[in-house]
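Here is the naming used below: chain letters follow the sequence lines, and residue numbers restart at 1 for every chain. Treat the numbers as computed from the prediction; the structure is a model and nothing was measured.
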Number of protein chains: 2
Amino acid sequence: MEEHVTETAPHPFDPAIEILLDRAEQFCADRRTRLTDIRRLVLGLILQSSTPVGAYDLLDRLRDQHRGAAPPTVYRALDFLADQGLIHRIERLAAFVGCGHMLECDHGGHCGHRAQFLICKRCGATQELEDRRIGEALSDAAARAGFAVEQSTIEIEGICAACRTMPEDAGSKLRAVAPRVG
Amino acid sequence: MEEHVTETAPHPFDPAIEILLDRAEQFCADRRTRLTDIRRLVLGLILQSSTPVGAYDLLDRLRDQHRGAAPPTVYRALDFLADQGLIHRIERLAAFVGCGHMLECDHGGHCGHRAQFLICKRCGATQELEDRRIGEALSDAAARAGFAVEQSTIEIEGICAACRTMPEDAGSKLRAVAPRVG
DNA sequence: CTCTGGTCGGTTATATTATAACATTGTCTG
DNA sequence: CAGACAATGTTATAATATAACCGACCAGAG
């Protein structure tokens with residue numbers, strides 16, 4: 001059978017992303033978990049994309065740098081990254097984005113409870129919010145129903161500010177790709 | 001080539017559900033759409049369940065009363081019912097529930113924009129909310145971001161009031177099946 | 001150092017959810 | 001009835017996700 005050489009260039013991403021990846025690695029180390037090569041690659045690929053990425057898209061891209069990757073390879077990495085709070089799953093898109101708070105090292109790794117996402121139907125980009133009022137209104141409503149909240153999914157679909165300012169037919173889907181985190 | 005006898009008992013559901021189905025039929029008629037036999041069956045099956053139902057579960061149940069049903073049969077019915085605002089899709093579960101406002105004939109058929117769902121992890125039941133404060137907080141936050149909202153998905157997972165009052169090991173998954181709408 | 005237990009990832013197969021595409025049948029309307 | 005459009009039948013396949021089992025590797029205990 002094949003030798004599973006992981007043909008990973010040591011730092012295949014933009015410097016800005018590598019910095020985030022280094023921080024993520026440190027974050028994991030602090031929590032006694034490991035951001036392994038595969039996990040780091042997957043996280044990098046997600047951060048590199050301007051829009052949420054599906055698992056199989058991710059798999060295709062991963063294969064460029066890691067031969068022999070299969071669906072479980074990607075899903076395991078995604079599960080890990082989500083557990084650590086480094087990424088979010090956008091339910092409506094069955095796709096993944098980096099957590100907008102990855103940088104803020106004071107978050108407990110569980111910002112997932114209260115994040116909200118604005119999903120643009122035109123350009124596909126998502127923006128992460130963490131609106132206090134939404135969170136509170138939601139907690140209150142749940143409390144009134146006697147309901148113990150564990151996790152919430154709040155996803156708002158519509159048209160983003162950038163896309164609203166340009167005509168519908170403009171090639172907004174082709175706008176420059178840039179990391180969306182920050 | 002089979003003869004496609006639709007072996008539908010005229011009123012296979014509980015009287016309480018049949019009443020809802022009759023109203024739904026009238027609601028559709030008012031909007032110049034048709035709640036056909038298949039659509040009515042699918043809606044009935046959804047209303048009959050105490051928990052959200054997956055499309056393929058629905059397909060299995062549908063086949064008892066409608067031979068030859070295939071995935072598109074179910075998905076077309078689901079698309080129609082969702083378009084009419086008679087059901088909601090719970091994204092986190094990839095499953096469907098009746099709209100809690102189906103009865104209130106003053107709703108424009110598009111309550112979907114602002115509904116929230118409490119999903120119990122223990123018993124699987126969902127409760128539909130329509131909390132004004134959540135909706136407003138959300139609209140405000142979106143407006144501040146310059147975002148034009150078209151649809152929102154708000155799903156809260158946790159433990160419902162009923163399940164919280166009983167020990168974890170109680171067979172809460174087996175509680176009596178009763179229509180959840182109302 | 002070596003053993004050992006657990007984590008990580010490879011590999012194959014399959015489950016689950018959803019849609020494409022085209023043919024056929026049904027229904028309304030003039 | 002004829003024509004148009006809506007609804008459904010039918011077959012095939014796409015897209016997303018997990019099960020199950022195995023071997024490699026690593027970290028800590030002794």
Side-chain angles (χ1 to χ4, degrees), chain A residues 1-8 25 28-29 31-43 46 51-63 65-84 87-97 124, chain B residues 1-8 25 28-29 31-43 46 52-63 65-84 86-97 153:
Chain A
M1 317 314 190
E2 306 241 344
E3 301 176 30
H4 284 289
V5 184
T6 301
E7 319 209 344
T8 309
E25 198 163 332
C28 288
R31 308 182 70 196
R32 305 297 141 101
T33 60
R34 283 182 298 157
L35 190 69
T36 61
D37 286 352
I38 290 177
R39 292 165 178 174
R40 184 175 168 125
L41 267 173
V42 169
L43 180 55
I46 291 171
T51 60
V53 202
Y56 280 75
D57 273 3
L58 221 38
L59 178 54
D60 287 343
R61 299 179 199 182
L62 181 60
R63 279 177 167 149
Q65 301 200 306
H66 185 88
R67 321 205 160 195
T73 314
V74 166
Y75 281 103
R76 283 168 184 154
L78 291 170
D79 283 350
F80 172 84
L81 295 170
D83 280 352
Q84 303 301 313
I87 64 171
H88 295 285
R89 180 172 201 265
I90 308 294
E91 301 288 338
R92 292 179 73 93
L93 306 177
F96 302 83
V97 293
Chain B
M1 323 318 183
E2 306 238 344
E3 300 177 31
H4 284 288
V5 185
T6 300
E7 319 209 344
T8 309
E25 198 163 331
C28 288
R31 308 182 70 197
R32 305 296 142 98
T33 60
R34 284 182 298 158
L35 190 68
T36 61
D37 286 353
I38 290 178
R39 292 165 178 174
R40 185 176 168 123
L41 267 172
V42 169
L43 180 55
I46 290 171
V53 202
Y56 280 75
D57 273 4
L58 221 37
L59 178 55
D60 287 342
R61 300 180 199 181
L62 182 59
R63 279 177 167 148
Q65 301 198 307
H66 185 87
R67 322 207 157 193
T73 314
V74 167
Y75 280 103
R76 284 168 182 154
L78 291 171
D79 284 350
F80 172 84
L81 295 169
D83 279 352
Q84 303 300 313
L86 296 168
I87 64 172
H88 295 284
R89 179 173 200 266
I90 307 294
E91 300 288 338
R92 291 179 73 93
L93 305 176
F96 302 84
V97 293
T153 298

### Message
Quick check on C/dT7: is either OP1 or OP2 less than 4.0 Å from any side-chain nitrogen or oxygen of A/T36?
### Response
no
### Message
Please determine whether a side-chain nitrogen or oxygen atom of B/R32 lies at a distance below 4.0 Å from atom OP1 or OP2 of C/dC28.
### Response
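It does not, given that no N or O in the side chain of B/R32 lies less than 4.0 Å from OP1 or OP2 of C/dC28.
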Sequence neighbours left out, what passes side-chain contact (heavy atoms from CB on, under 4.5 Å) with [X]? Give chain and number order.
X	answer
A/A55	A/V74, A/Y75, A/L78, A/F96
A/R63	A/L59, A/D60, A/A69
A/A70	A/P72, A/T73
A/A94	A/R89

When the distance from [atom1] of [X] to [atom2] of [N] is rounded to whole Å, what number comes out?
X	N	atom1	atom2	result
A/D57	D/dA15	CG	P	10 Å
A/H66	C/dT11	NE2	P	9 Å
A/R40	C/dC8	CZ	C1'	18 Å
B/L59	D/dT10	CG	C1'	13 Å
A/I90	D/dT16	CD1	P	15 Å
B/R39	D/dT8	CZ	C1'	9 Å
A/L78	D/dT18	CG	C1'	13 Å
B/Y75	C/dT17	OH	P	7 Å

### Query
If you find the nucleotide of DNA chain C closest to B/F96 and the one closest to A/R34, which residue's nucleotide is nearer the 5' end?
A/R34
### Task
Please check if the side chain of A/T33 supplies one atom and the backbone of A/C28 the other of a donor-acceptor pair under 3.5 Å.
yes
### Task
Would you kindly compare A/A55 and B/A69 by the position of their nearest DNA chain D nucleotide and give the one closer to the 5′ end?
B/A69
### Query
For B/R61, which residues count as a salt bridge (Lys or Arg N to Asp or Glu O under 4.0 Å) partner, sequence neighbours excluded?
none
Can you name the atoms? Protein N/O to nucleotides 12-14 of chain C N/O, anything below 3.5 Å, with the distance.
none

### Closest contact, heavy atoms only, B/I46 versus B/V53
CA-CG2, 4.3 Å
### Message
What contact category does A/R76 fall into here, base, sugar-phosphate, or nothing, at under 4.0 angstrom with non-hydrogen atoms?
### Response
base
